[in-house]
Structure formats: C-alpha cells, structure tokens
Amino acid sequence: MGILDFLKRKPEATAGVAKERLRIIVAQERSTRGAPDYLPLLRNELLEVIRKYVNVDVDAVNISLDRDSGHEVLELSVALPEHKPG
Amino acid sequence: MAEIIVVTSGKGGVGKTTSSASLAVGLAQAGKKVAVIDFDVGLRNLDLIMGCERRVVYDFINVVQGEASLKQALIKDKRYDSLYVLAASQTRDKDALTQEGVEKVLDGLGTEGFEYVVCDSPAGIEKGAHLAMYFADHAVVVVNPEVSSVRDSDRILGLLASKTRRAERGEGPITQHLLLTRYNPTRVEAGEMLSVKDVEEILGIKVVGVIPESENVLAASNAGVPVILDENSFAGQAYTDVVSRLLGQERPLRFIEVQKKGFLKRVFGG
C-alpha cells in the first residue's frame with residue numbers, strides 16, 4: 001500500500017456477503033425454474049376461492065411443483081388461520 | 001453447417017459486444033471463416049466496435065426480408081479476409097426479426113462455407129436475445145464479478161438449457177462457457193470483489209476465460225479495433241487464450257493474480 005492510499009478510505013470487504021446472498025437466491029430460483037408460467041396465476045385464483053370461505057393471508061397458499069422419477073407432483077398447502085374460540 | 005456460438009449475458013453492459021468482436025477476430029486469426037452478427041435490432045453497436053460503421057449498407061433485417069442478398073449485406077473485415085460482419089438494423093421494429101428469418105440467414109452462411117457464426121445477443125431475455133440463442137451450438141455467457149450480473153447469468157444458463165432448438169429437439173445440450181470479464185485481481189485480493197472461484201461455485205460451471213478489467217478495452221472501442229488485436233494488453237491476450245480454449249486447446253488462466261508493483265507504485269500507490 002502506498003503513502004497516498006492511507007488518505008483514501010478503503011471499501012469494505014463485501015465479497016463474502018455477495019457470495020452468500022447469491023448462493024441463496026440462485027438456489028431458490030433454480031428450484032422454481034422450468035415450472036409452468038401458470039403457477040402464480042393458479043395460486044392467485046385459488047387464494048380468491050379459499051378467501052370466499054376462510055379469511056386467509058396472501059402468503060397462506062403455497063404451490064410447488066416437484067419432479068420425481070418421471071412424475072410431476074403439484075403440491076398445494078394452505079395455512080388456515082388459528083381458530084379463535086368464540 | 002457452421003458452428004453457431006451465441007455470446008449472451010442477460011444483463012447489459014457486461015461486455016457482450018466487446019467479447020463477440022474479439023472472439024470473432026480470434027477465430028479468423030486461427031484461419032477460420034467467421035461471420036459475426038449483431039442481433040440487437042434498433043441498437044446497432046457491433047459495427048462500431050469492429051470499426052466498420054461507415055461501410056454498413058444493408059443489414060440483417062434487409063436480408064431477412066429479402067431486400068438484400070447475404071453477400072450484399074456481409075461486410076468484409078479490412079484486417080482479415082475470412083471475417084465478415086452482419087450489422088443490426090437501426091430503425092425497424094423488433095418484430096422484423098423472425099425465427100424463420102434467422103434460420104434462413106444461418107443456413108445461408110453455412111452454404112457460403114462459413115465455419116463459425118458468432119451471434120452477439122442483445123441484453124435482456126426478450127425476443128432478440130431468444131433468437132440469438134435459439135439456433136446456437138455453443139454459448140459464451142459473459143458475466144461480471146458482481147451480484148446482478150451473476151444472478152442474470154444463472155437465468156440465462158437456465159434458458160440455454162431449455163429454450164434452444166437443440167434442447168427442444170433433444171439433440172444434446174448446447175455447450176455452455178462462462179466468460180468472466182472486468183475482473184480486478186487487486187479488488188478480489190482485498191475481498192471487495194467476487195473471485196473466479198466464487199463465481200464458479202455459485203453457478204456450478206467452470207470459466208472458459210477471465211478478462212481483466214483494462215483501460216485498453218475502452219481505447220480499443222474508441223478506435224474501432226477489437227481489443228484482441230492489442231497484443232500488448234492483458235485483455236487482448238486473455239481473449240486470445242479464450243479462443244484457443246474454444247478451439248479445444250489447453251491454456252492456463254492468466255492475469256487473475258495481483259501484479260507485483262514496482263518501487264514507485266509501492267511508494268505512491270496506483
């Protein structure tokens with residue numbers, strides 16, 4: 001490091017943070033890659049139907065598509081709100 | 001049939017056109033008959049980087065629409081007899097480029113005896129980028145050691161594996177090469193920039209080359225001389241190595257370590 005470099009502020013060593021963030025987001029995006037485009041729409045419509053009967057949160061409906069030795073499994077889970085004793 | 005290489009990235013400004021121009025020149029230097037095509041309809045730039053912008057008469061769309069023959073539209077490079085440029089159209093709408101049209105041009109180049117066609121993709125994942133990769137046999141994915149570029153390149157790698165003719169026909173996967181550009185070994189050593197190893201680990205694919213960040217790249221584009229022709233520059237030498245690797249030769253990675261500084265630089269910085 002030269003004398004003049006002491007006058008400049010060094011940027012922080014942030015490459016490790018970048019790597020960790022990328023590792024997570026890339027893994028997440030790969031897991032949903034190749035899923036049909038209709039999944040988000042399907043999720044929204046299901047949410048609307050469910051909301052007719054139960055008041056659930058926007059993120060209560062979770063849809064995932066898994067491939068398992070030639071089979072495709074569409075998994076749907078709905079988190080129902082806690083039952084409040086009347 | 002010509003071997004078709006797409007140079008793509010997803011993100012803009014990472015060095016696709018710079019890389020397309022240098023790879024095309026490098027292949028021509030290796031004695032191959034090469035055409036390099038600008039797929040960026042509306043934003044023509046390859047001609048500037050290749051230094052032939054004043055000789056564009058007909059473009060890619062003219063050929064697709066039958067207004068000019070392939071021979072009329074191909075611009076012969078002034079440095080290498082076996083190198084030709086096909087410019088993008090500047091004014092027409094993007095819908096002028098069709099899959100059938102691109103196929104016709106690529107088939108025509110094969111008939112004309114071209115051994116390699118380098119397709120310089122536009123940024124994004126829209127129609128132009130899709131058409132640039134659709135017929136490819138090989139892909140060079142240009143990536144910078146920076147979060148958004150790495151993420152976008154992973155998206156592109158996914159598209160290359162599924163949205164190409166090879167993938168659709170089950171003809172075996174397109175060969176994917178990762179080209180890391182704008183690499184700064186000093187910043188990597190200081191922990192400020194993702195390293196070659198980091199990027200390889202995140203994307204799960206080895207690099208075909210690392211192009212160091214270099215002032216020579218701007219100088220080359222200023223002059224319209226692809227940087228590979230600047231034999232004294234590290235960037236130029238790194239591109240020459242990449243071409244050799246694409247042609248199946250072994251070349252160790254260079255310019256990925258910090259250069260030893262001379263006495264004056266150590267005292268005054270720089």
Side-chain angles (χ1 to χ4, degrees), chain A residues 1-47 57-79, chain B residues 10-11 125 141 143-164 167-168 173 176 178 180 182-205 256 258-270:
Chain A
M1 194 181 289
I3 291 164
L4 296 182
D5 287 337
F6 286 110
L7 301 174
K8 298 181 208 157
R9 261 194 67 190
K10 291 266 317 163
E12 283 177 63
T14 47
V17 180
K19 187 179 181 184
E20 207 39 48
R21 291 174 63 216
L22 278 167
R23 217 201 274 277
I24 293 164
I25 193 69
V26 165
Q28 188 195 326
E29 287 177 346
R30 281 184 182 182
S31 70
T32 54
R33 185 183 289 168
D37 292 342
Y38 61 72
L39 273 193
L41 198 63
L42 178 65
R43 182 181 171 280
N44 284 344
E45 287 187 20
L46 281 169
L47 187 65
D57 237 20
V58 186
D59 48 5
V61 178
N62 198 6
I63 295 185
S64 68
L65 192 71
D66 289 321
R67 274 183 203 85
D68 191 22
S69 59
H71 298 283
E72 282 189 323
V73 179
L74 183 69
E75 199 177 271
L76 172 73
S77 70
V78 185
Chain B
K11 192 176 182 299
I125 51 172
V141 177
V143 61
N144 291 169
E146 178 272 325
V147 286
S148 46
S149 175
V150 173
R151 181 202 210 165
D152 288 358
S153 65
D154 190 61
R155 185 111 164 76
I156 289 292
L157 290 168
L159 293 175
L160 286 166
S162 59
K163 306 282 185 199
T164 58
E168 285 177 9
Q176 300 179 340
L178 196 63
L180 190 54
R182 301 227 165 123
Y183 195 70
N184 186 326
T186 309
R187 302 200 71 183
V188 170
E189 193 170 79
E192 296 166 18
M193 182 181 268
L194 292 165
S195 68
V196 181
K197 200 164 144 273
D198 289 341
V199 176
E200 285 182 336
E201 271 178 35
I202 293 161
L203 296 174
I205 165 175
I256 57 171
V258 177
Q259 297 295 306
K260 294 264 188 301
K261 284 180 177 178
F263 172 73
L264 284 176
K265 276 198 172 175
R266 263 189 279 139
V267 174
F268 293 107

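Chain naming here is simple, since letters A, B, ... match the order of the sequence lines and numbering starts at 1 in each.
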Return the option, out of A/A13, A/G16, A/A27, with the maximum number of heavy-atom pairs under 4.5 Å with chain B.
A/A13
To the closest 0.5 Å, what do you measure between CD (A/E20) and CD1 (B/I202)?
9.0 Å
Compare every heavy atom of B/D154 with every heavy atom of A/R30, then report the nearest pair and how far apart it is.
NH2-OD1, 2.5 Å
Which atom pair, heavy atoms only, marks the closest approach of B/V147 to A/A18?
CG1-CB, 3.7 Å
Pick from B/R155, B/E201, B/R187 with the largest number of heavy-atom pairs that fall under 4.5 Å of chain A:
B/E201
So does B/E168 have more than 12 non-hydrogen atoms from other groups sitting under 6.0 Å from CD?
yes
Applying a strict 4.5 Å limit to non-hydrogen atoms, the region of A/L22 in contact with chain B is both
Roughly how far apart are B/K197 NZ and A/K19 NZ, rounded to 0.5 Å?
5.5 Å
